[in-house]
Engineer: 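Please find one structure pasted underneath; my questions will follow.
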Amino acid sequence: MTESRLESGWVEPSLREEFPGLGLRWTAVEAGPTRSPRELRQRLRHLSDRIHGERVLNLRREPIASSYRVFFRQIGIDPEEFRPPAEAAMLERLRAGRFASRNLLDDALVVSLVETGVSVRAFDADKITGSLGLRIAQPGERLGGNDIELPEGALVVADEQRSVGLIFGDSAPGRGVEPSTKRIALCVVGVPGVPEISIEEALWSTAGMLTGT
Amino acid sequence: MPELVDGHISERDAGQFTGPSSFGMSLGGSQVQTGYDELAARRSLREQIAKLERELATAFTEAYPRRGLEWRVQSPGGPRIMGVGELEEIRDELAVRLEDVRRALRERALVEREHVDRIEEMMLAPERHKWVRISNQDIGEPGCKHWHSRPRLGLIGMLLGWWRVKISSGCP
């Protein structure tokens, strides 16, 4: 692996004005969605044993989970309907009885999400132009320049050319990680109230699991 | 310019503001904005939403194990920048939901208190509460424990008036 470092993504000034404290951190690592190593699958199993009903019940009062819920409300999403990532993962763990291993990338994302409460997103780094950032969609803009028209005022993660995904939600077609991906861009949208150290921990931890370091 | 009163801008006034946004578009649908006052209003509304959401989250955890309460709050759909009117709607919906939940919990607390009192009465005089069964759920506690007033030795106890409260210890 070449030495990766955490980058601070740009935030459109008018968006920063609306949400002081909103930010994006990202990094790129040389890795693909291969099979999970045994150690990571074991870690996922141990993590499954640590999650129980009481923890999930109280999750929404924990500072990081609470910050995501609040931000969801403020941008028009009902977190009871569209769960913040940590809540969704833990509820799925209760429903399924465990965190099922899927592949290296998905497993690494779940482990860092459950351990830090911070959701890391992944894109194909070779399909990103320049730096990642956050902005408000332009009128009539389509997600990734393709078929999906974005609603007015939509908040998107974007590179320097076009949107690559909704701030919380779908990635643009063709921008996500695919079997052919060689480099993965990992990014975290930091909402007000989420400590910087948790964001960095989530990114370093995910990058470490992907590169086996 | 909309009138700002205690962090509240009326929808009527908000709708009249037609200044351009940084991208020359209206943000958050028809509730347009951008002047400094509106930015301050949106921030104030977001703080109110944050406070209400945290209170609702506290109510959610305190309500456990009670079921059947509605926690969803109608949202205009996102993720996007909400206009003043939309933020006001979210805040109002949250406030209504929180009040509904608190009222429901108060009403349930009264019923649960009655059930606790009845358990005490059952323990003192089981024959006056024949076949009454009260569960943990009825008193707002987690678990499967229940108190059941039933005759000792079945039919014989029933005929002779030998009643007792049987306490089931837990979940199967």
Side-chain angles (χ1 to χ4, degrees), chain A residues 12-22 53-63 65-84 87 134-141 150-157 163 165-170 189 191-193, chain B residues 20-36 38-65 69-84 86-87 89-91 93-94 97 142:
Chain A
E12 182 188 320
S14 58
L15 184 55
R16 196 185 289 278
E17 216 173 27
E18 294 284 343
F19 294 100
L22 184 66
E54 193 181 342
R55 168 87 198 278
V56 178
L57 177 71
N58 288 306
L59 184 64
R60 62 183 66 193
R61 290 177 73 180
E62 291 179 10
S66 170
S67 297
Y68 279 111
R69 282 187 76 87
V70 164
F71 187 71
F72 271 42
R73 286 269 185 235
Q74 292 170 338
I75 59 173
I77 300 172
D78 180 6
E80 296 298 328
E81 201 171 333
F82 184 83
R83 302 270 179 195
E87 278 184 44
L134 296 170
R135 65 173 168 82
I136 302 165
Q138 310 253 13
E141 182 177 343
L150 291 163
E152 209 166 359
L155 301 178
V156 293
V157 177
S163 53
L166 285 168
I167 191 169
F168 292 103
D170 295 336
V189 174
V191 306
Chain B
S21 75
S22 59
F23 279 81
M25 65 181 189
S26 65
L27 301 178
S30 58
Q31 317 296 328
V32 196
Q33 76 309 130
T34 47
Y36 178 78
E38 291 227 2
L39 177 64
R42 285 196 299 276
R43 281 191 184 172
S44 170
L45 284 163
R46 288 190 192 111
E47 280 168 19
Q48 293 170 42
I49 287 169
K51 183 173 180 291
L52 288 165
E53 169 56 36
R54 290 193 188 101
E55 286 181 22
L56 195 62
T58 302
F60 176 86
T61 50
E62 287 175 355
Y64 181 79
L69 295 165
E70 180 59 62
W71 298 100
R72 276 177 298 184
V73 176
Q74 202 172 355
S75 287
R80 59 190 173 84
I81 299 280
M82 299 284 119
V84 169
E86 288 172 314
L87 288 169
E89 278 174 27
I90 295 170
R91 179 202 56 191
E93 293 275 353
L94 269 170
R97 175 65 65 231

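Within every chain, numbering begins at 1; the chains are lettered A, B, ... in the order of the sequence lines, protein sequences first and strands thereafter.
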Engineer: Do other residues, nucleotides or ligands put more than 12 heavy atoms under 6.0 Å from A:E62 CD?
Structural biologist: yes
Engineer: Looking at CG of A:D78 and CG of B:L94, how far apart are the two atoms once the value is rounded to the nearest 0.5 Å?
Structural biologist: 8.5 Å
Engineer: Is it true that A:R60 and B:E53 make a salt bridge, defined as a side-chain N closer than 4.0 Å to a carboxylate O?
Structural biologist: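 Here A:R60 does not pair with B:E53 in a salt bridge, since their nearest N and O are not under 4.0 Å apart.
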Engineer: The test is side-chain contact (heavy atoms from CB on, under 4.5 Å); show your working for B:I49 and A:V70 and say whether it passes.
Structural biologist: CA-CA 7 Å; B:I49 287 169; A:V70 164; 5.7 Å; no
Engineer: Measure A:P13 against the heavy atoms of chain B and call it side chain, backbone, both or neither at under 4.5 Å.
Structural biologist: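 For A:P13, there is no contact with chain B at all, as no heavy atom is under 4.5 Å.
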Engineer: To the nearest 0.5 angstrom, please state how far the CE atom of B:M82 sits from the CD atom of A:Q74.
Structural biologist: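 CD of A:Q74 is found 11.0 Å from CE of B:M82.
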Engineer: Atom CG of A:N58 and atom OH of B:Y64: how far apart are they, to the nearest 0.5 Å?
Structural biologist: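 Rounded to the nearest 0.5 Å, the CG-OH separation comes out at 10.5 Å.
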Engineer: Would you give the length of the straight line joining atom CD of B:Q74 to atom CD of A:E80, rounded to the nearest 0.5 angstrom?
Structural biologist: 14.5 Å
Engineer: Does any heavy atom of chain A fall under 4.5 Å from the side chain of B:R43, the backbone, both, or neither of them?
Structural biologist: side chain
Engineer: Looking only at non-hydrogen atoms, find the nearest pair between A:R73 and B:S75 and report the distance.
Structural biologist: NH1-OG, 4.3 Å
Engineer: Any ion pair linking B:R80 and A:E152 (charged N to carboxylate O, less than 4.0 Å)?
Structural biologist: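 Salt bridge absent between A:E152 and B:R80.
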Engineer: Does any heavy atom of chain B fall under 4.5 Å from the side chain of A:L150, the backbone, both, or neither of them?
Structural biologist: neither
Engineer: First locate atom CD1 of A:I75, then atom CD1 of B:I81, and finally report the distance between them rounded to the nearest 0.5 Å.
Structural biologist: 8.5 Å
Engineer: Using 0.5 Å steps for rounding, measure from the CZ atom of A:R69 to the CZ atom of B:R54.
Structural biologist: 12.0 Å
